[in-house]
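For reference, the structure is listed below as structure tokens.
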Amino acid sequence: MENIFWTGFSDDERHAAINKIQNVISKYGDVVDFHLFSDISISMTIEIDEFKIDKLYDELTKIIGVQQFEYLNSNSKAERKVYLNISFAKGTGNLKIEVPSVPG
């Protein structure tokens with residue numbers, strides 16, 4: 001089976017967009033790995049039954065822009081991986097995470 005790669009983008013604030021995306025994915029499959037690239041983008045690996053992939057794509061297109069995808073129209077229950085990369089339009093490339101000082 002061929003791997004599935006999707007590229008998307010969001011105009012929403014990063015945390016809000018990730019929350020919406022995670023909620024949609026959890027309806028159809030599971031995020032098994034992710035990597036943040038500063039506040040510019042995130043890459044996710046999704047495990048999902050093949051027959052749910054078209055529905056996942058439709059739901060994602062309602063909340064983010066996703067590159068065109070040719071529907072599988074499958075009834076197979078075989079588990080597949082979808083690799084999703086999302087860029088955030090409001091990213092600056094200068095993500096700072098404040099770490100509180102710990103006494104001691």
task = Kindly indicate whether the side chain of Phe69, heavy atoms from C-beta on, has any atom under 4.5 Å from the side chain of Thr61.
result = no
query = What do you reckon, is CZ of Phe51 surrounded by more than 12 foreign heavy atoms closer than 6.0 Å?
reply = yes
ask   = Does a sphere of radius 6.0 Å around NZ in Lys81 hold more than 12 heavy atoms from other residues, nucleotides or ligands, not counting ones at 6.0 Å or beyond?
value = no
inquiry  = I'd like to check Leu84 versus Ile46 (side-chain heavy atoms, cut-off strictly below 4.5 Å). Are they in contact?
reply    = yes
query = For His35, what residues pass the side-chain hydrogen bond (donor to acceptor under 3.5 Å, both in side chains) criterion, not counting sequence neighbours?
reply = Asp33
query = Which residues pass the side chain to side chain contact (heavy atoms under 4.5 Å, CB included) test with Asn23, sequence neighbours left out?
reply = Asn19
ask   = So do Ile18 and Phe88 actually touch side chain to side chain, heavy atoms under 4.5 Å?
value = yes
key: Side-chain heavy-atom pair Tyr57, Val66 within 4.5 angstrom cut-off   = yes
query = Looking at CG of Leu56 and CD1 of Ile25, how far apart are the two atoms once the value is rounded to the nearest 0.5 Å?
reply = 6.0 Å
request  = For Ala17 and Ser10, work out which heavy atoms get closest and say how close.
outcome  = CB-OG, 3.4 Å
key: Residues forming a side-chain hydrogen bond (donor to acceptor under 3.5 Å, both in side chains) with Glu50, sequence neighbours excluded   = Ser74, Arg80
task = Check whether any side-chain heavy atom of Phe37 sits under 4.5 Å from a side-chain heavy atom of Ile42, and report yes or no.
result = no
task = Rounded to the nearest 0.5 Å, what's the gap from NZ on Lys27 to NZ on Lys52? Could you check?
result = 12.5 Å
key: Evaluation steps, side-chain contact (heavy atoms from CB on, under 4.5 Å), between Met44 and Ile21   = CA-CA 10 Å; Met44 299 180 181; Ile21 294 162; 3.9 Å; yes
message = I'd like to know if the side chain of Tyr28 pairs up with that of Asp54 as donor and acceptor (distance under 3.5 Å, no hydrogens or angles considered).
response = no
query = So, the side chain of Ser38 versus the backbone of Ile40: is there a donor-acceptor pair under 3.5 Å, distance only?
reply = no
ask   = Can you tell me how far the OG atom of Ser76 sits from the CD1 atom of Ile53, to the nearest 0.5 Å?
value = 9.0 Å
query = With the 4.5 Å side-chain cut-off for hydrophobic clustering, are Ile4 and Phe34 part of the same group?
reply = yes
ask   = With under 30° as parallel and over 60° as perpendicular, where do the rings of Tyr83 and Phe5 fit, or are they tilted in between?
value = parallel
inquiry  = Side chains of Asn85 and Thr7: any donor to acceptor distance under 3.5 Å?
reply    = no
task = Look up atom NE2 in His15 and atom CG in Asp39, then write down how far apart they are to the nearest 0.5 Å.
result = 8.5 Å
query = Same cluster or not: are Ile64 and Leu36 linked, directly or through other Ile, Leu, Val, Met, Phe, Trp or Tyr residues, by side-chain heavy atoms under 4.5 angstrom apart?
reply = yes
